Asks: 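To start, I am sharing the structure in question, which I have written as structure tokens.
Fair warning: this is a prediction, and the values are worked out from it, not measured in the lab.
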Amino acid sequence: MIGNNLFREFYRADMMKNSTAQQLKQYSETVARREKMGLKSDGIDGESFAAKLKKADEYLASGETYEGATDSIGIILRQMGEPEAGGSVTKTVHHNGVAVTVTKDALRGNSITIGGSSSPDWIQVNTSVGVVNIDLNDDTSLMKCLDMFSPEDITLIMRKIMEVKQAREALKEIDETKNEMVTPADNDSENEGE
């Protein structure tokens with residue numbers, strides 16, 4: 001089955017499914033199968049999204065605070081305390097050398113800020129974990145941090161960046177066209193007066 005989007009591009013319907021849910025389902029099926037066979041470990045790569053969520057849940061259930069490396073915004077949000085009424089809670093982590101600031105705000109919700117250059121060009125993307133603030137002048141930081149998001153959120157982020165860049169390119173072309181149209185007309189009127 002093929003679905004289409006607003007950009008006249010076609011995507012296979014299976015690409016639009018919730019792959020995080022699929023990963024978690026596959027993980028739980030693998031664990032159940034391995035338990036039936038009498039195997040102790042879950043057999044899942046420790047770097048998978050499902051394994052990271054499981055590890056975060058284990059720490060949360062044990063009451064321990066985990067300050068080690070984390071690779072998911074969802075996990076970081078779980079580890080953070082809840083903000084007081086009208087207040088906010090902020091945590092900054094460094095992922096692949098990039099500062100990522102996560103804020104839980106009682107009024108505004110969650111926001112995630114990735115990197116930032118000396119002359120930032122910020123855009124905001126609504127994702128499942130909150131609003132992500134991305135500096136378009138700092139693509140390197142974003143690329144280093146994409147693995148912190150679910151596949152669906154990565155799609156939203158990349159789509160928004162593409163939309164903004166296309167819109168800016170179209171505005172630039174319109175301005176250039178206006179300038180080209182105005183310039184010859186002004187020259188002709190100047191020549192008629194002479």
Asks: Among all residues two or more places apart in sequence or in another chain, which pass the side chain to side chain donor-acceptor pair (under 3.5 Å) test with Thr113?
Replies: Asn133

Asks: Search all heavy atoms of Ile76 against all heavy atoms of Met148 and return the closest pair with its distance.
Replies: CD1-CE, 3.6 Å

Asks: Among all residues two or more places apart in sequence or in another chain, which pass the side chain to side chain donor-acceptor pair (under 3.5 Å) test with Asp105?
Replies: Arg108

Asks: Which residues satisfy the salt bridge (charged side-chain N to carboxylate O under 4.0 Å, His left out) test with Lys104, sequence neighbours excluded?
Replies: Glu82

Asks: So if you build clusters from Ile, Leu, Val, Met, Phe, Trp, Tyr with side-chain heavy-atom gaps below 4.5 Å, do Met143 and Val93 land together?
Replies: yes

Asks: Partners of Asn137 by side chain to side chain contact (heavy atoms under 4.5 Å, CB included), sequence neighbours excluded?
Replies: Ser117, Ser119, Asp121, Asp135

Asks: Check the pair Val89, Glu84 against side chain to side chain contact (heavy atoms under 4.5 Å, CB included), reporting the backbone distance first and the verdict last.
Replies: CA-CA 8 Å; Val89 178; Glu84 296 179 10; over 6 Å; no

Asks: With a 4.5 Å cut-off on side-chain heavy-atom distances among I, L, V, M, F, W and Y, is there a chain of contacts connecting Val164 to Trp122?
Replies: no

Asks: What pairs with Glu176 under salt bridge (charged side-chain N to carboxylate O under 4.0 Å, His left out), at least two apart in sequence or on another chain?
Replies: none

Asks: Below 4.5 Å, heavy atoms only, C-beta onward: do Lys160 and Ile123 meet side chain to side chain?
Replies: yes

Asks: Using side chain to side chain contact (heavy atoms under 4.5 Å, CB included), reason through Thr92 and Val102 one step at a time and then give a plain yes or no.
Replies: CA-CA 6 Å; Thr92 301; Val102 181; over 6 Å; no

Asks: Once side chain to side chain donor-acceptor pair (under 3.5 Å) is applied, do any residues pair with Thr140, and if so which ones, sequence neighbours excluded?
Replies: none

Asks: Once side chain to side chain donor-acceptor pair (under 3.5 Å) is applied, do any residues pair with Thr90, and if so which ones, sequence neighbours excluded?
Replies: Thr103

Asks: Are the side chains of Val131 and Thr127 in touch, meaning some heavy atoms are under 4.5 Å apart?
Replies: no

Asks: Considering residues at least two apart in sequence or located in another chain, which fulfil the side chain to side chain contact (heavy atoms under 4.5 Å, CB included) criterion with Asp139?
Replies: Lys165

Asks: Taking Cys145 as the fixed residue, which of Val132, Val100, Ile73, Ile112 is the one that meets the side chain to side chain contact (heavy atoms under 4.5 Å, CB included) rule?
Replies: Val100

Asks: Answer whether the closest heavy-atom distance between the side chains of Arg168 and Leu136 falls below 4.5 Å.
Replies: yes

Asks: Is any side-chain heavy atom of Lys91 closer than 4.5 Å to a side-chain heavy atom of Thr101?
Replies: no

Asks: Under the side chain to side chain contact (heavy atoms under 4.5 Å, CB included) rule, collect the residues that match up with Ser141, sequence neighbours excluded.
Replies: Val98, Ile114, Asp138

Asks: What pairs with Ala106 under side chain to side chain contact (heavy atoms under 4.5 Å, CB included), at least two apart in sequence or on another chain?
Replies: Pro83

Asks: Please assess Leu142 against Ile161 for the test side chain to side chain contact (heavy atoms under 4.5 Å, CB included), listing each intermediate value before the final yes or no.
Replies: CA-CA 11 Å; Leu142 175 63; Ile161 291 170; 3.3 Å; yes

